[in-house]
There are 2 protein chains.
Amino acid sequence: MSIIQVYKCLCDEQRLRILNLLKEGPLCVCHLQELLGEGQVKISKQLRYMKELGMVEARREANWMIYSLPQPTNPLLIENLQCLQDCAAEDLHFANDLKERAKLLKAAQHSEGGLPESVACGAGCCE
Amino acid sequence: MSIIQVYKCLCDEQRLRILNLLKEGPLCVCHLQELLGEGQVKISKQLRYMKELGMVEARREANWMIYSLPQPTNPLLIENLQCLQDCAAEDLHFANDLKERAKLLKAAQHSEGGLPESVACGAGCCE
DNA sequence: ACAGAATATTCATTTAAAAGAATATTCAAA
DNA sequence: TTTGAATATTCTTTTAAATGAATATTCTGT
């Protein structure tokens, strides 16, 4: 994956928000959809684009597709997400997205549908 | 200048190299041209693009146009240039560009044409 | 006023990314 | 074996960026 490709990936607000969310832990498409307030098709396309670049990876779990950041995560990406926290968190809804993520996961966990196993509060949601 | 615009600017190898060079100090178009081994028109267009985004600024000095990074420089840019030094310096010719820059300025300074005043070894070239 | 150096602009073409609408695939559970 | 939930793909249109060729502008020195 080239440097240029990484930056191309970072050129889109939705993708930045997705990366920020995935940094906290894996999520499935429908959660991203809900958190970004965006249609399924568009999210799916973004994820495909990102997957082709190797910026995210996916695995199926029952009906869900679980997306996550590959480990170890590209240092250029980490740096940028960190820097964005500091210098553009508000513009990008970063902080709020994370708050909503926690809420959403907590709620989903206690609902009938439940959560995909590897999403379930995996990373610092419920304790 | 939006975050997204910054990343769009970083999506191109030539622009990255230009920014890396300007980080050391102002340069005129013909020096960039020579350092990147690229035609005048293309460099000029890149600079225009970057100027419109506010990523660089320009002033005229006699026949030369001197380009530089605006002060204070966008932290997102600084971070990225720094990170690229660490994780992609070779891919992007970063280190070599800086070496060539020093050579070029030193040579130009002692030639008949001379150097635009504000370029002249301004930043750590000759001592 | 003219010539030459340094730089910029314009216009046409190509290439790549984004957006939208419609539809298809995959799996689980009844 | 059909239904519904979750997700993906295909195709078309629109928008934006890159490339190339030609030409224009701005300033300096004569």
Side-chain angles (χ1 to χ4, degrees), chain A residues 2 4-18 22 26-53 55-68 104 108 111-119, chain B residues 2 4-18 22 26-53 55-68 104 108 111-119:
Chain A
S2 86
I4 302 304
Q5 298 297 311
V6 174
Y7 283 124
K8 284 199 175 147
C9 184
L10 302 182
C11 273
D12 179 275
E13 180 169 337
Q14 279 190 349
R15 291 196 290 263
L16 285 176
R17 289 175 69 187
I18 291 173
L22 294 185
L27 282 176
C28 59
V29 181
C30 59
H31 289 155
L32 288 170
Q33 208 178 319
E34 190 164 343
L35 290 166
L36 300 203
E38 182 58 76
Q40 181 265 318
V41 167
K42 202 159 167 218
I43 298 287
S44 222
K45 279 180 180 170
Q46 296 284 27
L47 290 167
R48 180 190 193 183
Y49 177 94
M50 295 164 87
K51 196 169 79 173
E52 273 166 4
L53 293 185
M55 299 285 290
V56 302
E57 43 186 37
R59 66 175 178 290
R60 179 176 281 281
E61 200 166 301
N63 254 336
W64 293 289
M65 289 296 286
I66 313 295
Y67 283 85
S68 54
L104 177 66
S111 76
E112 41 227 299
L115 274 177
E117 191 174 349
S118 50
V119 169
Chain B
S2 86
I4 302 304
Q5 298 297 311
V6 175
Y7 283 124
K8 284 198 176 149
C9 185
L10 302 181
C11 273
D12 180 274
E13 179 169 337
Q14 278 190 351
R15 290 195 290 262
L16 285 175
R17 290 175 71 188
I18 291 174
L22 294 185
L27 282 175
C28 60
V29 181
C30 59
H31 288 154
L32 288 170
Q33 207 179 321
E34 190 163 343
L35 290 166
L36 301 202
E38 182 58 75
Q40 180 265 319
V41 168
K42 201 159 169 220
I43 298 287
S44 221
K45 279 180 182 171
Q46 296 283 30
L47 289 168
R48 181 193 191 178
Y49 178 94
M50 295 165 86
K51 196 170 78 173
E52 272 167 6
L53 293 184
M55 299 285 289
V56 302
E57 45 185 38
R59 66 176 178 289
R60 179 175 282 280
E61 200 165 300
N63 255 336
W64 294 289
M65 289 296 286
I66 313 294
Y67 283 85
S68 54
L104 177 66
S111 76
E112 41 227 297
L115 273 177
E117 190 173 351
S118 50
V119 169

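To find a chain, count down the sequence lines: A is the first, B the second, and so on, and within it residues start at 1.
- For A/Val29, the side-chain atoms get nearest to D/dA8 when compared with the rest of D/dA6, D/dA8, C/dT9.
- Atom P of nucleotide C/dA18 and atom CD1 of A/Ile43 are separated by 14 Å, given to the nearest angstrom.
- Atoms CD1 (A/Ile4) and P (C/dA16) sit 15 Å apart, rounded to a whole Å.
- Minimum atom distance to the side chain of B/Val41 is reached by C/dT9, of the listed D/dT26, D/dA17, C/dT9.
- C/dA17 atom P lies 11 Å from atom CD of A/Glu52, rounded to whole Å.
- Taking 4.0 angstrom as the limit, A/Tyr67 places none of its side-chain polar atoms (N or O) nearer than this to OP1 or OP2 of D/dA6.
- One finds a side-chain N or O of A/Lys8 lying less than 4.0 angstrom from the OP1 or OP2 phosphate oxygen of C/dA17.
- What you find for B/Ala108 and B/His31 is that their closest heavy atoms are CB-NE2, 4.2 Å.
- Where B/Asn63 and A/Ser44 each meet DNA chain D at their nearest nucleotide, the meeting point lying more 5' is that of A/Ser44.
- How far CG of A/Leu35 is from CG of A/Leu104: 5.0 Å, rounded to the nearest 0.5 Å.
- Residue A/Lys45 is classed as a base contact, given a heavy-atom separation below 4.0 Å to a base.
- The distance from atom CG of A/Asp12 to atom C1' of D/dT15 is 14 Å, rounded to the nearest whole Å.
- Following rounding to the nearest Å, B/Lys42 (NZ) and D/dA22 (C1') show an atom-to-atom distance of 18 Å.
- Rounded to a whole Å, the CD atom of B/Glu61 is 11 Å from the P atom of C/dT7.
- Contacts of B/Cys28 with the nucleic acid, taken as non-hydrogen atoms under 4.0 Å apart, involve only primed sugar atoms and P, OP1 or OP2.
- Taking CG of B/Leu53 as the start and CD1 of B/Ile4 as the end, the distance is 12.0 Å to the nearest 0.5 Å.
- In this structure, A/Arg15 contributes its side chain and A/Lys8 its backbone to a donor-acceptor pair below 3.5 Å.
- Screening A/Met50, A/Glu52, A/Gln46, A/Lys51 for a side-chain contact (heavy atoms from CB on, under 4.5 Å) with A/Arg48, the sole residue that qualifies is A/Glu52.
- Interface remark: the A/Gln40 side chain does not form any donor-acceptor pair with the D/dA6 base, using a distance-only criterion of under 3.5 Å.
- Atom CD in B/Gln33 sits roughly 9 Å away from atom C1' in C/dT7 (whole-Å rounding).
- In terms of phosphate contacts, A/Arg60 brings no side-chain nitrogen or oxygen within less than 4.0 Å of OP1 or OP2 of D/dT7.
- One atom, CE of A/Met65, and another, P of C/dA28, lie 13 Å apart when rounded to the nearest Å.
- The side chain of B/Arg59 contributes no N or O atom lying less than 4.0 Å from OP1 or OP2 of C/dT7.
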